[in-house]
Amino acid sequence: MPEAPTVLLLAEQTKQFIGQKVLSAEGKASKFDKSRLVGQPVTAVKTFGKELLICFPDFTLRVHLMLFGSYTINNHKNGILHLGLEFQKGELNFYACDTRLIEEPLEEAYDFRREVMNERFDKKLALSDLKKKPKLAIVDALIDQNLFAGIGNKIRNEVLFLVGVHPLSKVNAIDDDKLMEIIEACVTFMFRMFEWKKAGVQDENLVIYKREECPRDKMPVIAEKLGSRVIYYCDKCQELYE
DNA sequence: CTGTCTGTTCCGAT
DNA sequence: TATCGGAACAGACA
């Protein structure tokens, strides 16, 4: 289950293992030697966009839930175990995901100024990055993980509806103030989504994604395939900048 | 850059 | 009732 708000919640739950050592590491994960984890204590838990980062003294375990990933904490479920970590107190299991080890220091591997939900997220940097892709449709720009780590298909559709911008508007046609408004709306919306996640709800609160009619003017929502994903919008309420 | 592939679960149609 | 196909919060690669 991806998108940054979900992963942030996962990180929050994973922090209970900080300070504990891994007693055993099981599962079909094969991109690294699982035995390296055994005996190592968790030193910190972080996120970068849709990636969960479990830090150990000499390396970091990176977990990406992709589209179908799931996890259980202190219990388990049926299905193929991708990576299961047993700690002194409790266990953490991942299914259908991608795991790797990052050997270099995190500060070298990641620029946390581009992590939308990070306290170091730099909106001005995001704006200048965005303007380097003038011909890109705003809906494509928002999901580019190199620009905005953590935004997914639901978030981009919801945010563009909330700010009244047509998804196919080109970046260079949108003025700086409006671009900044979009960036700020992303941050706000993602934290709102995080709260919904914590409360166990989410999709009920989405107003345009997969909806039949626009909540504002009751016009039919347009669902359009763009590349491999479907985008949702109201072409009356969302202004096309071109 | 377009298309293809993988992975899991759910839901609706047959 | 059981089964099948498509879709879905993603990203990698040819």
Side-chain angles (χ1 to χ4, degrees), chain A residues 1-13 27-32 47-53 61-72 75-84 93-102 109-110 114-117 132-162 167-168 170-171 185-212 221-233:
Chain A
M1 304 196 157
E3 290 200 281
T6 310
V7 181
L8 198 59
L9 180 60
L10 166 58
E12 203 167 79
Q13 298 171 154
K28 66 160 198 149
S30 57
K31 288 188 179 170
F32 60 93
T47 66
F48 186 82
K50 301 164 187 169
E51 303 172 27
L52 173 71
L53 303 167
L61 173 64
R62 186 198 99 134
V63 181
H64 197 308
L65 269 22
M66 304 303 286
L67 202 49
F68 311 124
S70 62
Y71 63 93
T72 60
N75 60 352
H76 54 87
K77 65 172 207 174
N78 292 330
I80 299 168
L81 179 65
H82 184 266
L83 182 64
N93 299 305
F94 295 106
Y95 308 83
C97 56
D98 178 66
T99 52
R100 317 172 186 176
L101 293 189
I102 295 170
Y110 296 98
R114 293 188 167 82
E115 209 288 326
V116 184
M117 299 189 78
K132 286 178 193 158
K133 311 265 187 179
K135 289 175 294 182
L136 209 55
I138 187 66
V139 76
D140 285 328
L142 291 182
I143 208 170
D144 183 335
Q145 301 301 296
N146 297 123
L147 296 177
F148 301 98
I151 295 178
N153 202 24
K154 289 185 180 178
I155 295 169
R156 65 174 183 170
N157 280 288
E158 292 293 310
V159 167
L160 288 175
F161 175 75
L162 293 174
L168 299 179
K170 294 283 186 284
V171 168
C186 287
V187 178
T188 304
F189 182 77
M190 287 163 86
F191 279 101
R192 192 177 306 154
M193 201 159 153
F194 175 60
E195 294 303 321
W196 292 336
K197 256 311 188 196
K198 274 203 282 194
V201 291
Q202 175 189 108
D203 284 9
E204 300 91 309
N205 293 308
L206 304 182
V207 295
I208 197 81
Y209 179 84
K210 276 203 164 183
R211 294 289 166 182
E212 299 274 310
V221 168
I222 298 173
E224 195 173 292
K225 196 155 188 181
L226 186 68
S228 60
R229 329 293 296 278
V230 178
I231 60 174
Y232 300 85
Y233 61 94

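The basis for the numbers below is simple: all heavy atoms, side chains too, and nothing from hydrogens, waters or symmetry mates. Sequence lines set the chain letters: A, B, ... in the order given, protein chains first and strands last, and positions in each chain run from 1.
- Using modelled atom types, one side-chain atom of Asn93(A) and one backbone atom of Asn75(A) make a donor-acceptor pair closer than 3.5 Å.
- Rounded to whole Å, atom C1' of dG11(C) lies 13 Å from atom CZ of Arg156(A).
- In this structure, dG7(B) makes no Watson-Crick or G-U wobble pair, since no nucleotide meets both defining distances under 3.5 angstrom.
- To the nearest angstrom, P of dG12(B) lies 10 Å from NZ of Lys210(A).
- Ring pair Tyr71(A)/Phe94(A) is tilted by interplanar angle, where 30° to 60° counts as tilted.
- Following rounding to the nearest Å, Asn146(A) (CG) and dG11(C) (P) show an atom-to-atom distance of 10 Å.
- Rounded to whole Å, the distance from CG on Asn153(A) to C1' on dA7(C) is 12 Å.
- Between Arg192(A) and Glu195(A) there is no salt bridge, since no side-chain N of the basic residue sits under 4.0 Å from a carboxylate O of the acidic one.
- Atom CD1 in Ile231(A) sits about 17 Å away from atom C1' in dA7(C), given to the nearest Å.
- Taking a pair to require two hydrogen-bonding distances under 3.5 Å in either a Watson-Crick or a G-U wobble arrangement, dT3(C) pairs with dA13(B).
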For Tyr95(A) and Thr72(A): C-alpha separation, side-chain torsions, deciding distance, then whether side-chain contact (heavy atoms from CB on, under 4.5 Å) applies. CA-CA 9 Å; Tyr95(A) 308 83; Thr72(A) 60; 3.6 Å; yes
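- Rounded to a whole angstrom, the distance from the P atom of dG3(B) to that of dA7(C) is 16 Å.
- Backbone-only engagement by Tyr232(A) is indicated by non-hydrogen atom pairs under 4.0 Å involving sugar-phosphate atoms exclusively.
- Rounded to an integer number of Å, the gap from CD1 of Ile143(A) to C1' of dA8(C) is 12 Å.
- One distance of note links CG of Leu8(A) with CD of Gln13(A); it measures 10.5 Å at 0.5 Å rounding.
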Indicate for each nucleotide in nucleotides 3-9 of chain B, in 5' to 3' sequence, whether protein heavy atoms under 4.0 Å reach the base (B), only the sugar-phosphate (S), or nothing (-). ----BBS
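- Around NZ of Lys135(A), the count of heavy atoms belonging to other residues, nucleotides or ligands within 6.0 Å does not exceed 12.
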